[in-house]
Structure formats: structure tokens, C-alpha cells
Amino acid sequence: MTTGKRVAPTSTTLQARVMIYQPSQRPRERAGQWIDTSYGRCRVIGRLGQRHADIVESMLYVAERRREISDGGIELLIDPAKLRRMLSDHQYSYDRIKKLLTDLRAATVEIVTPKMERSGDSIIGGLIDHVRPSPMTRRDPLTGGERHLWRVRLGVALVMLLERDLSLYYPPAPIARLQHGISQALARHVLTHKRDPAGGWHLDTLIRAVGGEAVNSMMLRNYRRRLKDDAAGLIEIGIKIDATDRVKRVTAAR
């Protein structure tokens, strides 16, 4: 599968498994409540949803260069025009991208897995530290002038995930084009697994895995309906929900 320049992985397994990002494109502000999963615990102070995941994955995917900084940080060189095209066929406005980057900059994430608990360790910090213009420029076809590339400094939490967690390589564009946050969260979760369980996943089990145990019967019905709305987009990614509400990997549509 094509993975851009492979400067960095698209994502890592824990990002989809411990519910850093809410299964919504309109996330609510979280005040640091712990959310427990079978993979570990996570709490977020801030507002992070699937559109924020789109931004992070797309930046990692389109990154042209990666620079290791002496303090342990990582800085990526990104063409904002490529980022916009990755996020949407109609292209996000820069104002929208900046709003999502502001949310990412402000959020604090803490992750504790069973392995970390045994060693008295955890991951805590931000996902994005800052974005600033690079001296490098590209021709702007709209104006005929020059436009600056971006230098994106990754936050401590994201750097630690890239260093410690299992890397995932996939194109983020098909997920970014799904209509609903629950579909995006489910797709990201499925892609963290190398193989399906025998007979596939139960749909409701996956919904609770990405939505949490607070998902009630009404929410389940709404989520199932939204997932059916996105059935064609999920097939493009290689995920099929069959008539018995089993979720299976299939060969992605071309």
C-alpha cells in the first residue's frame, strides 16, 4: 500500500485503541476523565475528535522531511497544499485547519497501558507543539507567487507514541472522506489489527470498543445507521459490514 514518503508512520495502534479521539466529528470538551479499555487507560483535557485524527494522520503521511531535535523532539516539513488535498476533495479552508491545529496544540493526553503500569511509566503531553512557516517555498499556482511550507513540531505524547508504539502505514484520505465520526473511529480501530477474529467482529462489540461502555441502546441504533450510510466508503478502505452485523476485512475497492 502506498504510504507517501514514509518519513513517518500514518498512525500507531494505541491512538485508535485507547480512545484519544472521540468517535465524532464534533467532539465535546473533555476534562480529564479516565476512559478504560482492554488496551489501557486514557484521559484527555481538551477536545479531540476524528477530524483531529484526520489532521494528525495526514500530516504524518504527507511529511516530506523529518528532523530529530536534540531535546528528543521531532519536526516535520509539510506542504500545506498537500495536506489540504489529503483531507478533502473540496479542500479544507486554512482557517478550518488552523482551528483543528489549535485544538491539537491545546489538548493534553495521558495514556497508561498494563505494561507501563508495571514499570511505573506513562505517556503524557500534547500531540502538536507548534506550526511555523519554513524558509522553503513552493510556487503558488493561484497567485503565481511563492508560498511557504510548514515546520510542524510534534508534541511529546505523539513523539513517545511514534517511538514506543507499533507503527501503522495506510493512506488516510479514504478515512478522512467518510461521512461520520463513528465510521472513521471503527475503521481506524480495525486497521490496528493484523487479522480478523474467526467469523469477523460483532458490530456492537466494535462500536463499544471505540465509543466506550457508556454507549446505550439509542446510541447503538444511531451508530449502526451512520455506519450503513458509510458502507461504500468502508468498502473502499477494505472493511465490510455483512447482513448479520459482522465486520470483516475484504479486498479494498479500486
Side-chain angles (χ1 to χ4, degrees), residues 8-61 63 66 68-69 71-76 78 83 87 97-131 152-168 170 172 175-176 181-182 184-189 191-192 208-214:
T10 306
S11 187
T12 66
T13 57
L14 282 175
Q15 290 183 63
R17 290 183 178 184
V18 297
M19 295 177 59
I20 292 174
Y21 304 104
Q22 297 171 47
S24 171
Q25 295 178 358
R26 297 177 179 83
R28 297 179 179 179
E29 190 82 18
R30 281 164 60 176
Q33 306 92 334
W34 282 107
I35 296 178
D36 292 291
T37 72
S38 58
Y39 302 98
R41 299 189 298 152
C42 176
R43 61 179 175 182
V44 174
I45 299 172
R47 181 172 56 247
L48 296 177
Q50 295 302 305
R51 290 303 188 202
H52 299 92
D54 292 342
I55 290 277
V56 171
E57 290 187 350
S58 296
M59 287 195 302
L60 291 168
Y61 187 83
R66 168 176 173 160
E68 311 288 333
I69 301 170
D71 63 4
I74 294 174
E75 189 174 76
L76 302 179
I78 291 170
L83 176 63
L87 289 166
I97 291 175
K98 287 177 181 177
K99 175 64 172 69
L100 292 167
L101 287 170
T102 298
D103 290 342
L104 284 161
R105 171 65 181 83
T108 299
V109 175
E110 184 171 1
I111 300 168
V112 181
T113 66
K115 182 178 180 180
M116 291 176 194
E117 281 189 312
R118 289 193 294 271
S119 63
D121 198 5
S122 66
I123 292 174
I124 182 168
L127 298 176
I128 300 296
D129 189 63
H130 63 245
V131 179
V152 178
R153 173 74 178 260
L154 304 185
V156 171
L158 185 53
V159 170
M160 292 176 75
L161 285 165
L162 293 174
E163 290 175 345
R164 301 184 185 187
D165 198 12
L166 294 175
S167 297
L168 300 172
Y170 55 81
I175 297 178
I182 185 64
Q184 295 179 293
L186 183 143
R188 289 184 164 110
H189 187 89
L191 291 175
T192 67
R208 287 195 168 94
V210 300
E213 290 303 318

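Worth knowing before you read on, the calculation uses all heavy atoms, side chains too, and leaves out hydrogens, waters and symmetry mates. We count residues from 1, following the sequence as given.
Between the Thr10 side chain and the Tyr170 main chain, a donor and an acceptor come within less than 3.5 Å of each other.
Side-chain contact between Gln22 and His52: absent, with no pair of heavy atoms (C-beta onward) separated by less than 4.5 Å. Side-chain contact between Leu48 and Pro27 is absent, with no heavy-atom pair separated by less than 4.5 Å.
Donor-acceptor pairing under 3.5 Å is lacking for the side chains of Gln15 and Arg188.
Residues in residues 105-115 take part in these salt bridge (charged side-chain N to carboxylate O under 4.0 Å, His left out) pairs, two or more places apart or across chains: Arg43-Glu110.
Nearest heavy-atom pair across Leu162 and Pro9 is CD2-CG, 3.6 Å. When all heavy atoms of Leu168 and Leu191 are compared, the closest pair comes out as CD2-O, 3.8 Å. Considering every non-hydrogen atom in both Leu154 and Leu76, the closest pair reads CD2-CD1, 4.0 Å.
For Arg153, the salt bridge (charged side-chain N to carboxylate O under 4.0 Å, His left out) criterion is met by Asp71, not counting sequence neighbours. By the salt bridge (charged side-chain N to carboxylate O under 4.0 Å, His left out) test, Asp129 pairs with no residue at all, sequence neighbours left out.
Distance CE/Met116 to CE/Met160: 6.5 Å, rounded to 0.5 Å. Between Thr12 atom OG1 and Ile20 atom CD1 the span is 7.0 Å, to the nearest 0.5 Å. With rounding to the nearest 0.5 Å, the separation of CE in Met59 from CG in Leu127 is 9.0 Å.
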